[in-house]
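Read the numbers this way: they start at 1 and go in the same order the structure lists the ligands and their atoms. Heavy-atom basis, side chains included; hydrogens, waters and symmetry copies ignored.
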Amino acid sequence: MTTEFLQSPPVFDLVFTGATLLGTAAGADVAQRDMTLAVRDGSIAYIGNALPEGAQVRRVVDATGKVLIPGLVNVHTHAILSMVRGVAADAGFAPSYTPGIPKGTQVNPEQARALARLGALEAMLFGSTLIGDNFVHADVTTEAMAELGVRLAPSWRIHDVDFAQVAEGRWHYDAAIGSRTLQAALDLAARWQGNDRVQVQLAAHAVDTCSDGFLREIAALAQQRDMRVNMHLGQSVVEVERVKARTGRTSTQVLDETGLLTPRLMGGHCIYVTADDIERLARAGAHVVHIPKCNATSGRLAPTPDIKRAGINIALATDTQHADMIELMRWALVTARVQRGGVDDDWQPRHVFEMATMGGARALGLADRIGTLEVGKRADLVMLDFARPHLVPLVNPLGNLVHNGQGRDVRMVVVDGEVLVNDGVPTRVDLDEVCREAEHACRALWQGVGREYWKPAA
Ligand SMILES: [Zn+2]
């Protein structure tokens with residue numbers, strides 16, 4: 001099989017030879033072995049058994065023993081919250097609701113920049129070529145993450161609740177906070193308009209942290225500007241109870257009534273969704289962002305078998321947890337099987353691999369540009385080293401990837417044909433410097449909430 005966009009004589013910027021390909025047009029569970037994939041002008045220009053005759057090539061990568069996959073699409077992260085790792089996961093609440101840990105609002109722009117680079121670098125080194133990140137300070141964090149070269153779907157955290165009071169158990173809505181956060185979100189969109197690697201979204205934090213009137217305003221804006229809306233949906237009992245007390249409805253019903261339940265909606269978590277909610281999400285063509293590791297770490301499971309059966313598109317994300325999308329596929333598979341009580345045809349490696357690639361691409365409206373290795377799509381791809389003890393033998397590359405693979409197996413990450421990680425090392429930033437600056441920022445933040453901070457060796 002040979003597919004190509006050829007000119008004569010063909011000139012390529014980057015060529016992989018001898019590669020095993022996963023995630024091609026042949027289907028998520030088909031591995032194509034000993035293949036050549038060539039990139040020109042940031043796009044995949046050729047896939048075939050050997051280079052076309054007379055081809056000129058700027059850089060050849062010998063991908064023998066390596067597996068090439070489409071870049072992983074990690075649609076819901078909060079890179080800044082790398083500051084609470086090792087602690088927040090065991091508190092039992094989402095970080096924004098957890099007392100005694102540093103909050104986004106306490107982070108200054110310089111610290112935000114350092115933490116965002118750490119979070120984004122971690123995700124990119126482990127194979128995410130697109131990061132959908134939202135939080136406060138999205139102005140500086142987007143700049144900081146864009147420096148790495150990774151594709152971004154950033155957003156400002158929009159809410160009209162006063163988060164300072166939420167931590168103390170009071171949900172007070174303030175129109176001034178709403179207009180300030182919404183304006184910041186729109187400024188961010190204006191700032192990045194026309195940048196091909198950055199697609200700004202609206203991130204209404206959650207139904208309990210946005211009043212009904214404010215949700216309507218966001219829905220109107222999203223429609224007017226054709227922007228994606230990224231939310232936390234059915235994330236916690238606190239959210240469900242607050243929304244019920246305020247409206248007598250579920251969060252999904254409120255979204256339906258305020259005009260947010262559309263194909264532009266990406267609902268994160270969806271742990272507390274009823275059968276009626278799932279039906280509404282399916283009918284609207286909305287997308288579910290599945291965050292299995294965060295959910296399971298807090299002792300909960302999203303009803304993904306029902307969500308998938310309803311025909312809803314599922315994307316995957318690491319949220320505040322370790323940003324390894326390869327490991328995350330395994331969590332998505334296993335947590336669904338635990339609910340099904342066994343292994344079935346609904347939940348196989350091909351399904352979670354699809355969610356980690358095309359599921360995210362579809363949710364973002366980028367299915368024609370990224371998500372598979374196909375000629376004409378942008379060259380967003382990841383090369384993994386499979387000549388390692390936990391990945392041998394290569395009987396079923398996809399099974400090995402999903403069950404045994406790790407982000408640490410990633411050797412090369414390419415976005416738009418640009419090599420951003422080469423032999424496991426970032427090409428645009430200094431890894432040690434990123435870690436050092438983040439450590440420095442965290443020390444001040446943790447001391448700010450009165451916690452002892454381990455002092456690393458100089
Ligand atoms: Zn989140």
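Between H159 and F214, a ring centre-to-centre spacing not shorter than 6.0 Å is recorded.
Under the salt bridge (charged side-chain N to carboxylate O under 4.0 Å, His left out) criterion, the residue pairs touching residues 346-372 are D196-R369, R309-D346, E354-R362, with sequence neighbours excluded.
Residue D319 approaches the Zn ion (ligand 1) most closely through its N/O/S atom OD1.
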Tell me which donor-acceptor pairs under 3.5 Å the side chains of residues 398-407 have, and how far apart each pair is, sequence neighbours excluded?
| unit_1 | atom_1 | unit_2 | atom_2 | d |
| --- | --- | --- | --- | --- |
| N400 | ND2 | L391 | O | 2.8 |
| N400 | ND2 | P393 | O | 2.9 |
| N404 | ND2 | H390 | O | 2.9 |

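Minimum interatomic distance between A282 and A310 (heavy atoms only, all atoms of both residues): CB-O, 3.6 Å.
C294 lies apart from the Zn ion (ligand 1) in this respect, since none of its N, O or S atoms is found at a distance under 2.8 Å. One of the N, O or S atoms belonging to H232 lies under 2.8 Å away from the Zn ion (ligand 1).
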